[in-house]
2 protein chains.
Amino acid sequence: MKKRKSRLPVIVDILTHNSIGSQEELSKQLAIRGYIVTQATLSRDLKMLRTTKIATDMGGYRYIIADSERLSNEPFAKTQNTVQSSLHPAALSLSVSGNLVVIKTRNGYASGLAYDLDMLESQHILGTIPGADTVFAVVNETSSRKDLFNLFQSFLPQSVLDAAKHQFLGEDNE
Amino acid sequence: MKKRKSRLPVIVDILTHNSIGSQEELSKQLAIRGYIVTQATLSRDLKMLRTTKIATDMGGYRYIIADSERLSNEPFAKTQNTVQSSLHPAALSLSVSGNLVVIKTRNGYASGLAYDLDMLESQHILGTIPGADTVFAVVNETSSRKDLFNLFQSFLPQSVLDAAKHQFLGEDNE
DNA sequence: TGAAATAATAAATATTTATGCGTTTTCTAT
DNA sequence: ATAGAAAACGCATAAATATTTATTATTTCA
């Protein structure tokens, strides 16, 4: 049975949009989607994806995807575009410095947010790199701050945008 | 016995400069430095530090420190400044884009390199965020490329610098 | 086609990590 | 100084994860 190829993107998707704390949990989520595998296989899958379990600030754990898997390889671009265009609830703050946007998230959510940001396929964002609770996004040199503001308007909660508004109006406003 | 406070920075130091693949290994390294603790305690320590085990491309595993612990809290600034000013052997390449420096490292070493870069406390580097094999460093807007070149000259191997030299001489050379 | 090589997987097991609980130490406020 | 609370810790064990081994499916190519 060679389901691995189709399964890995699904795992990425699950981990990105859910808080999965163990391989058993993941197994159940996969089962729902028609993939029946043992924990042993998941251990290998996760190693392959360079997934990693990290403590959340809720006291538990959560699997997140390491950056390089998404930054360079990007073999999973077109999963099952589950990007709900709803505003991203895990975002805490946003700031801009030069061609760089820094988004702080609740711990464990950076990966998911970066993923969703990627999925927008905006010409204004050249690439993202998530940590555990921080996303760096590199901005296209030709994009204006107004472009960015518009982009994030449909992506981040109003409260976050409000707090960051001055960032988009300062100098360099093209 | 309340050694935790003094132990945590040592753990950060050990994980930063060594490839530690299990809590047993870490325990041994700590013992060498005079900290005798059980695995149970290390499990708690590592959770507290938001440390995480990630697959290396050597087929094994390695603990790395999550970014935010170092980015925001930074309670461990002045550990035992074990920053050997020797050139960083894990660095593979360096590139500059705008106010951003991107350093590629061997897998698992980004965290350590970012840590050492932080330790330089250069005014030219505002902050770093490590992934598994990539470090993003945000550059002070007022720093010149020449400043950067000088900075990295004493930090990265000559071969890496050579390959990146043109990056510092192109446009925007102040 | 069919033999050999490769890859994916499960089952069982080994290894590693997390945690409940009881004890001791440290801290805090009186 | 001392009671009470909080934090740190070890021990034992539970829970989770990684790996060994064997099996089956898939690919390759003669």
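Predicted model, so just to flag it, every value in this text is computed and none were measured.
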Over how many whole Å does the gap from [X] atom [atom1] to [N] atom [atom2] extend?
X     : N      : atom1 : atom2 : value
B:R62 : C:dT17 : CZ    : P     : 15 Å
B:K3  : D:dC9  : NZ    : C1'   : 12 Å
B:L46 : C:dT19 : CG    : P     : 13 Å
B:R50 : C:dA18 : CZ    : P     : 14 Å
A:L26 : D:dA16 : CG    : P     : 13 Å
A:I20 : D:dA15 : CD1   : P     : 19 Å
A:D45 : C:dA7  : CG    : P     : 15 Å
B:R4  : D:dG10 : CZ    : C1'   : 12 Å

Q | Bending between helix ends of the helix from C:dT1-D:dA30 to C:dT30-D:dA1 [5 pairs per end, 10° resolution] | A |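 It comes to 40° between the two terminal axes.
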
Q: Please answer: with hydrophobic residues joined when any side-chain heavy atoms are less than 4.5 Å apart, are B:V102 and A:V138 in the same cluster?
A: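 Result: yes, single cluster for both.
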
(Q) Taking B:Y63 as the starting point, is it possible to reach B:L8 by hopping between hydrophobic residues whose side chains are less than 4.5 Å apart? (A)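 Linked within one cluster.
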
Short side-chain N/O contact from [X] to OP1 or OP2 of [N], under 4.0 Å:
X     : N      : value
B:Q23 : C:dA18 : yes
B:K47 : C:dT19 : yes
B:R44 : D:dA7  : no
A:Y63 : D:dT17 : yes
B:S43 : C:dT17 : no
A:K53 : D:dA16 : no
B:Y61 : D:dT19 : yes

Q: Return the set of residues passing side chain to side chain contact (heavy atoms under 4.5 Å, CB included) with A:S43 (not counting sequence neighbours), or none when no residue passes.
A: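 Per chain and number, A:S43 pairs via side chain to side chain contact (heavy atoms under 4.5 Å, CB included) with A:Q23, A:Q39.
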
Q: Return the 5'-most residue of the pair A:S22, B:R7 with respect to DNA chain D, ranking by each residue's nearest nucleotide.
A: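 Residue closer to the 5' terminus by nearest nucleotide: B:R7.
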
I need the minimum non-hydrogen distance between [X] and [Y], along with the two atoms involved.
X     : Y     : answer
B:Y35 : B:K3  : CE2-O, 4.4 Å
B:L15 : B:R62 : O-NH2, 3.2 Å
B:V37 : B:R7  : CG1-NH1, 3.4 Å

[Y] and [X], any side-chain heavy atoms less than 4.5 Å apart:
X     : Y     : result
A:T51 : A:I64 : no
B:L49 : B:I11 : yes
B:L46 : B:L26 : yes

Q: Output the distance between atom CG (B:L30) and atom CD1 (B:I20), rounded to the nearest 0.5 Å.
A: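 Nearest 0.5 Å value for the CG-CD1 distance: 8.5 Å.
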
Q: For DNA chain C, find the residues of residues 35-42 of chain B with a heavy-atom distance under 4.0 Å and give them by number; none if there aren't any.
A: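 Close to the strand are B:Q39, B:A40.
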
